[in-house]
Asker: 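Structure below; questions to follow.
One-based numbering, in listed order, for ligands and for the atoms of each. For reference, positions follow the sequence shown, starting with 1.
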Amino acid sequence: MTPILNEALAAAAPLRAVGKVADYIPALARVDPARLGIAFCGADGIVHGAGDCDEPFSIQSISKVFTLALALQKLGMRLWERVGREPSGSAFNSIVQLESEKGIPRNPLINPGAIVVTDALIGAEGDADAAIEALLAFVRERARDAGVAVDEEVAASESETGSRNRSLAWFMKSFGNLDNPVETVVGAYFRQCAVAMSCRQLARAGLFLAFDGRDPQTGLEVCPSHRARRINSVMMLCGHYDNSGEFAFRVGLPGKSGVGGGILAIAPGHGAIAAWSPALNEAGTSAAGAAALEALVERTGWSVFF
Ligand code: GLU
């Protein structure tokens with residue numbers, strides 16, 4: 001795999017100059033746009049990496065995949081009464097659809113949808129810290145790395161600049177689609193966005209989604225196969241906001257991007273791939289990260305549409 005990963009990075013490297021690093025908080029704005037890394041984890045659980053694959057970055061919206069898996073574990077199909085599973089065709093933090101659709105967000109991978117999922121995860125217990133601990137425990141176990149943690153500086157900046165996310169949350173609260181207090185829910189949401197992981201950790205953490213919900217190394221069922229399939233379908237259709245069609249067209253794998261420049265992609269039956277490069281296209285997906293995944297799929301034939 002290592003030569004293939006190196007080839008993918010070489011193909012993607014020029015794209016670093018095309019995008020723009022997220023600058024809504026200083027901790028993201030100061031990340032070097034030249035960084036580029038990729039990692040692949042296959043059925044044997046061994047992680048192969050290239051470039052800046054060991055450097056932790058802010059996973060941001062990639063966390064939405066893990067909170068979705070946990071909330072489905074907690075609530076099962078009842079979660080879908082509060083959030084849809086249709087592509088939104090709009091920006092990650094858009095508020096317009098929420099009004100016409102009565103506070104039910106289009107899908108769990110846009111901000112309002114993820115905020116509802118986090119509320120569901122906090123549940124009647126009302127304990128946001130416990131929800132974040134559950135997320136960290138899940139991700140650490142899946143990544144085989146107890147060191148995965150929240151970058152509290154990023155979390156604090158998310159909160160300082162979080163007016164739009166608070167607006168989304170209040171709007172949903174007015175429709176009765178938020179059980180916990182807005183500050184409790186967005187506080188947890190800001191911390192989940194601020195989890196820092198490397199490509200290697202992320203690829204290992206996403207592995208269960210490539211193997212019907214099982215950890216292929218241990219055989220452990222992380223989630224039932226029908227759930228892994230559904231999470232993958234939501235990632236395919238909704239994982240990149242209004243850039244999801246373009247990502248499916250070019251890469252053809254379920255994926256989730258974050259404004260930290262990371263992308264987690266799932267190649268069913270083959271493995272999980274994480275790419276990272278901080279400069280983003282207009283929709284907020286890593287320009288070079290998507291190009292690296294496109295090159296990898298061209299080389300391996302792993303698109304689900306082949
Ligand atoms: N922290 C960002 C926000 O909620 C996450 C967006 C993203 O990664 O797409 O605004």
Asker: Under a 4.0 angstrom heavy-atom cut-off, which atoms of ligand 1 come close to C193?
Answerer: 1 (N)
Asker: I'd like to know if the side chain of R191 reaches the main chain of A155, judged simply by a donor and an acceptor atom lying under 3.5 Å from each other, with no hydrogens or angles considered.
Answerer: no
Asker: Going by the atom numbers of ligand 1, which of them fall below 4.0 Å from some non-hydrogen atom of Q60?
Answerer: 1 (N), 2 (C), 5 (C), 8 (O)
Asker: Under 4.0 Å from a heavy atom of N165: give me the atoms of ligand 1 that qualify, with their elements.
Answerer: 3 (C), 4 (O), 10 (O)
Asker: Below 3.5 angstrom, do we get any N/O pair linking N111 and ligand 1?
Answerer: yes
Asker: Closest non-hydrogen protein atom to atom 4 (O) of ligand 1, residue and atom name please, with distance?
Answerer: Y189 OH, 2.7 Å
Asker: To the nearest 0.5 angstrom, please state how far the OG atom of S225 sits from the CZ atom of F208.
Answerer: 13.0 Å
Asker: Check step by step if side-chain contact (heavy atoms from CB on, under 4.5 Å) holds for E160 and F190.
Answerer: CA-CA 10 Å; E160 276 160 32; F190 295 140; over 6 Å; no
Asker: Counting each atom of ligand 1 from 1 as listed, which ones have a heavy atom of E158 under 4.0 Å away?
Answerer: 1 (N), 2 (C)
Asker: Donor-acceptor pair, distance only, cut-off 3.5 Å: does the side chain of S159 make one with the backbone of A156?
Answerer: no
Asker: Say you draw a straight line from CG of L264 to CD1 of I59; how long is it, rounded to the nearest 0.5 Å?
Answerer: 9.0 Å
Asker: Should V259 be counted as touching ligand 1, given the test is an N or O pair under 3.5 Å?
Answerer: yes
Asker: Report yes or no: do Y241 and S61 form a side-chain donor-acceptor pair below 3.5 Å?
Answerer: yes
Asker: Under a 4.0 angstrom heavy-atom cut-off, which atoms of ligand 1 come close to Y24?
Answerer: 1 (N), 2 (C)
Asker: Step by step, work out the side-chain hydrogen bond (donor to acceptor under 3.5 Å, both in side chains) result for T67 and K64.
Answerer: CA-CA 5 Å; T67 51; K64 292 169 180 165; over 6 Å; no
Asker: Where's the contact between R164 and ligand 1, heavy-atom distance under 4.0 Å: side chain, backbone, both or neither?
Answerer: neither
Asker: Tell me whether ligand 1 is touched by F190 - counting only heavy atoms on the residue side and a distance under 4.0 Å.
Answerer: no
Asker: Give the residue, atom name and distance (to 0.1 Å) of the protein heavy atom nearest atom 9 (O) of ligand 1.
Answerer: Y241 OH, 2.4 Å
Asker: What protein heavy atom is closest to atom 6 (C) of ligand 1, reported as residue, atom name and distance in Å?
Answerer: S61 OG, 3.2 Å
Asker: Under the criterion side-chain contact (heavy atoms from CB on, under 4.5 Å), I'd like the reasoning laid out for D212 against R229: C-alpha separation, chi angles, the key distance, then a yes or no.
Answerer: CA-CA 7 Å; D212 298 324; R229 205 164 63 234; over 6 Å; no
Asker: Within a distance under 4.0 Å of any heavy atom of G258, pick out the atoms of ligand 1 and give their elements.
Answerer: 8 (O)
Asker: For W80, does the six-membered ring have the charged nitrogen or CZ of R85 within the cation-pi criterion, i.e. under 6.0 angstrom from the centroid and within 45° of the normal?
Answerer: yes
Asker: Below 4.0 Å, non-hydrogen atoms only: which portion of I62 touches ligand 1? Side chain, backbone, both or neither.
Answerer: neither
